[in-house]
Amino acid sequence: MPRRSKYRKQMRRTMKGDATRGTKLSFGDYGLQTTATAWISARQIEAARRAITNFTKRGGRVWITIFPDKPITKKPPEVRMGGGKGDIEQYVAVVKPGRVMFEMSGVAREIALEALRLASYKLPVKTKVLIRGEVN
């Protein structure tokens with residue numbers, strides 16, 4: 001959740017097109033790149049981060065290159081129409097195809113690939129692993 005935002009509630013908007021920034025490895029040697037469009041909640045990002053750090057036994061370094069800054073509202077169950085917009089339920093990060101979500105370095109290649117594979121199971125999008133120096 002962001003520390004401050006100008007407005008508490010946002011419109012949903014469309015999620016068309018591919019990512020224009022954050023599509024290449026910037027920090028680490030290995031990365032997890034999305035191949036689809038989705039909202040990724042703060043809980044899913046944390047679950048993926050835990051999967052990576054747990055598998056690497058807290059070795060190496062992990063960078064999370066997405067941030068959940070979009071508030072998603074929801075009305076309570078069995079509430080009649082009207083009465084304004086619902087309360088904020090969760091915060092999500094909007095990802096488009098090509099966006100690198102996680103990067104890591106400082107561990108062996110096999111460990112990094114397996115850790116990123118485990119993290120991909122926690123996310124609601126199809127992903128692929130990027131390796132620095134290789135054409136993907």
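In the hydrophobic clustering of this structure, Tyr91 does not group with Met101; members are Ile, Leu, Val, Met, Phe, Trp, Tyr whose side-chain heavy atoms approach within less than 4.5 Å, directly or through other members. By the criterion of side-chain heavy atoms lying less than 4.5 angstrom apart, applied directly or through intervening Ile, Leu, Val, Met, Phe, Trp or Tyr residues, Val94 is not grouped with Leu123; the two fall into different hydrophobic clusters. Two different hydrophobic clusters hold Phe67 and Val125 under the rule that ILVMFWY side chains link at heavy-atom gaps under 4.5 Å. Follow the hydrophobic side-chain contacts under 4.5 Å out from Ile66 and you never reach Met1; the two are in separate clusters.
The line from CG of Leu32 to CD1 of Ile52 is 7.0 Å long, rounded to the nearest 0.5 Å. Of the inter-residue distances, the one linking Met104 atom CE with Thr53 atom OG1 reads 9.0 Å to the nearest 0.5 angstrom. Note: Thr73 OG1 to Lys85 NZ = 4.0 Å, rounded to the nearest 0.5 Å. Put simply, CD on Gln33 and OG1 on Thr35 are 8.0 Å apart, with the number rounded to the nearest 0.5 Å. Note that the OG1 atom of Thr65 and the CZ atom of Arg99 stand 5.0 Å from one another [nearest 0.5 Å].
Residues Ser41 and Gln90 come closest through the heavy atom pair CB-OE1, 3.5 Å. Nearest heavy-atom pair, Phe102 versus Ile45, reported as atom, atom and distance to 0.1 Å: CZ-O, 3.8 Å. The minimum heavy-atom distance linking Asp29 with Ser105 is given by the pair OD2-CB, 3.5 Å. Listed here is the closest heavy atom pair of Arg8 and Ile88: O-CD1, 3.1 Å. Here the closest non-hydrogen pair linking Gly28 and Trp63 is CA-CZ3, 3.6 Å. Pairing each heavy atom of Trp39 with each of Val92, the nearest pair is CG-CG2, 3.8 Å.
Using a cut-off of 4.0 Å between Lys/Arg side-chain N and Asp/Glu carboxylate O, Glu46 and Arg43 are scored as not salt-bridged.
Of the possible polar contacts, none joining the Lys128 side chain to the Gly98 backbone as a donor-acceptor pair under 3.5 Å is found.
Enclosure of atom NZ in Lys122 is not indicated, since only 12 or fewer non-hydrogen atoms of other residues, nucleotides or ligands lie within 6.0 angstrom. Heavy atoms of other residues, nucleotides or ligands lying less than 6.0 angstrom from NZ of Lys24 number 12 at most. Crowding of Arg117 atom CZ: a count of heavy atoms from other residues, nucleotides or ligands under 6.0 Å exceeding 12. The local environment of NZ in Lys75 is crowded, with over 12 non-hydrogen atoms from other residues, nucleotides or ligands closer than 6.0 Å.
Taking 4.5 Å as the limit, every side-chain heavy atom of Leu116 sits out of range of all side-chain heavy atoms of Thr127. Side-chain contact between Ile40 and Pro68: absent, with no pair of heavy atoms (C-beta onward) separated by less than 4.5 Å. Side-chain contact check for Arg12 versus Ile72: some heavy-atom pair is nearer than 4.5 Å. Using a 4.5 Å heavy-atom cutoff, the side chains of Lys9 and Pro71 are not in contact. Between Ile131 and Arg109, some side-chain heavy-atom pair lies under the 4.5 Å cut-off. Side-chain contact between Ser26 and Glu103 is present, with at least one heavy-atom pair separated by less than 4.5 Å.
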Discussion item. Between Ser5 and Asp69, does the side chain to side chain contact (heavy atoms under 4.5 Å, CB included) criterion hold? Intermediate values first, please.
Written reply: CA-CA 9 Å; Ser5 59; Asp69 56 357; over 6 Å; no
